[in-house]
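Both counts, for ligands and for their atoms, begin at 1 and track the order of listing.
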Amino acid sequence: MAIPITATALAKRIRASRARRSFLADVLAGLHAVPKQLPCKYFYDEHGSQLFDQICRLDEYYLTRCELAIMDRFAPEMGAQVGPGVMLVEYGSGSSVKTRYLLDALPDAVAYVGVDVAGQHLKQAARELARDYPRIEILSLCADFTGDFVLPVSKRPPTHVAVYFPGSTIGNFVPAQAAQLLGRIARLCGRDGGLLIGIDLKKDPATIEAAYNDRAGVTAEFNLNLLHRINRELGADFDASRFSHQAHYNREMGRVEIYLVSRDAQVVTLGNEKIEFLAGESICTEYSHKYTVEEFASIAAASGLALHREWTDRERRFAVLHFAVAEPR
Ligand code: SAH
Ligand code: AVI
């Protein structure tokens with residue numbers, strides 16, 4: 001006898017099957033491209049999200065430490081810029097740790113919406129925030145923030161929408177894509193809103209390279225987990241032990257480039273496709289751009305965002321910037 005399925009369960013299955021199809025299409029397109037590449041948003045399955053949280057606690061990964069220090073010191077000033085009655089929308093919210101500093105400084109916020117592709121991690125973070133911030137309506141949206149999405153409706157109407165985009169996740173986009181995404185953010189916020197965004201600043205290459213080549217090998221595991229995810233979810237037969245993690249700072253481009261390098265000549269099967277690798281051939285899995293405040297402000301200005309305030313840590317390694325929407329484009 002067929003077991004009846006509820007409408008919610010059916011909708012969930014349809015979403016999962018669509019997500020699998022796009023994942024497969026993106027992986028095949030990336031592995032057939034020359035040079036090979038994979039989108040970094042796929043790092044974040046459940047294990048990948050946990051590995052990222054471990055990266056944030058590494059000595060070498062100064063980014064999180066510096067941004068937390070900035071939030072700890074300046075969140076009240078940031079809260080004053082964002083203003084009361086807000087719906088705060090966080091892009092790539094992950095574990096929502098930095099968020100707490102901001103919510104503490106926004107006691108009159110109407111609602112908070114975490115937006116992230118990592119569904120389970122997002123739900124868990126939202127549950128914990130709802131427990132600790134009972135006066136703010138905590139909502140979550142599992143979506144790719146580079147595409148179209150509809151914000152959930154809060155019980156109380158907000159006076160305005162502001163976006164919080166910490167972590168320097170914007171650095172994982174090449175400048176042209178970053179400009180597009182900033183334009184979308186400006187349109188989402190409208191004239192009354194604003195953007196609070198974390199960026200990793202240019203500094204000596206040795207410090208940057210160490211952050212992506214930690215001694216404990218967590219970043220290498222994070223990178224290689226992408227191959228395990230492709231095997232698990234798409235049925236490929238990558239042997240992760242035949243690939244190595246590589247990360248180096250490209251000074252000219254102002255970015256860390258992260259690769260998985262094939263240790264030998266090999267063929268990987270994915271569905272009906274055979275993907276050939278030469279010895280030493282690499283898959284680019286991520287860029288992480290580093291900016292000066294001026295460079296970033298000029299990209300944002302072209303997207304209709306005007307730099308309003310900046311906060312940095314004492315060593316000027318990282319910055320949190322507040323932008324007002326000059327003209328949504
Ligand atoms: N904001 C957190 C997490 C940063 S890690 C912090 O600062 O520590 C990057 C986060 O963005 C991850 O949680 C990942 O799942 C999410 N992410 C990456 N690309 C995304 C995309 N295109 N759409 C939505 N979320 C994305
Ligand atoms: C999420 N993002 C800003 C991280 C970064 O530093 O570019 C992702 C990461 N990749 C390797 N380590 C951390």
Heavy atoms of Ala319 and Val293 approach each other most closely as CB-CG2, 4.3 Å
Taking the six-membered ring for Trp, are Phe243 and Phe238 ring centroids under 6.0 Å apart?
yes
Do Tyr133 and Asp104 get their side chains close enough for a donor-acceptor pair, meaning under 3.5 Å?
yes
Which residue and non-hydrogen atom of the protein lie closest to atom 7 (O) of ligand 1, and at what distance in Å?
Lys98 NZ, 2.6 Å
If Ile, Leu, Val, Met, Phe, Trp and Tyr residues are connected whenever their side-chain heavy atoms lie under 4.5 Å apart, and connections chain through other members, are Tyr91 and Val320 in the same group?
no
Answer yes or no: is there a donor N or O on one side and an acceptor on the other, between the side chain of Glu77 and the main chain of Phe74, under 3.5 Å?
no
Quick test of your reading of the structure: of Gly198, Gly92, Cys40, whose heavy atom lies closest to atom 11 (O) of ligand 1?
Gly92
Hydrophobic cluster membership, with links at side-chain heavy-atom distances under 4.5 Å among I/L/V/M/F/W/Y: are Val86 and Tyr112 in one?
yes
Can you find an N/O atom of Asp116 closer than 3.5 Å to an N/O atom of ligand 1?
yes
Who's the nearest protein heavy-atom neighbour of atom 19 (N) of ligand 1, and how far?
Lys41 CB, 3.6 Å
So is Phe52 polar-close to ligand 1, meaning N/O to N/O under 3.5 Å?
no
Heavy atom under 4.0 Å from ligand 2: found in Asn172's side chain, backbone, both, or neither?
side chain
Distance under 4.0 Å to a non-hydrogen atom of Ser168: what atoms of ligand 2 satisfy this?
3 (C)
Lys/Arg cation over aromatic Tyr62: Lys203, 6.0 Å, 45° cone
no
Pro166 touching ligand 1 at heavy-atom level, < 4.0 angstrom
yes
What residue and heavy atom of the protein are closest to atom 8 (C) of ligand 2, and at what distance?
Glu286 OE2, 3.4 Å
How far is atom 22 (N) of ligand 1 from its nearest protein heavy atom, and which residue and atom is that?
Asp144 OD1, 2.9 Å
Do you know which of Arg255, Lys290, Arg316 makes salt bridge (Lys or Arg N to Asp or Glu O under 4.0 Å) with Asp200?
Lys290
To the nearest 0.1 Å, how far is atom 23 (N) of ligand 1 from its closest protein heavy atom, and which atom is that?
Phe145 N, 3.0 Å
Ligand 1 contact on Ala143 by region, counting heavy-atom pairs under 4.0 Å:
backbone
How does Thr169 reach ligand 1, by side chain, by backbone, by both or by neither, if only non-hydrogen atoms under 4.0 Å count?
side chain
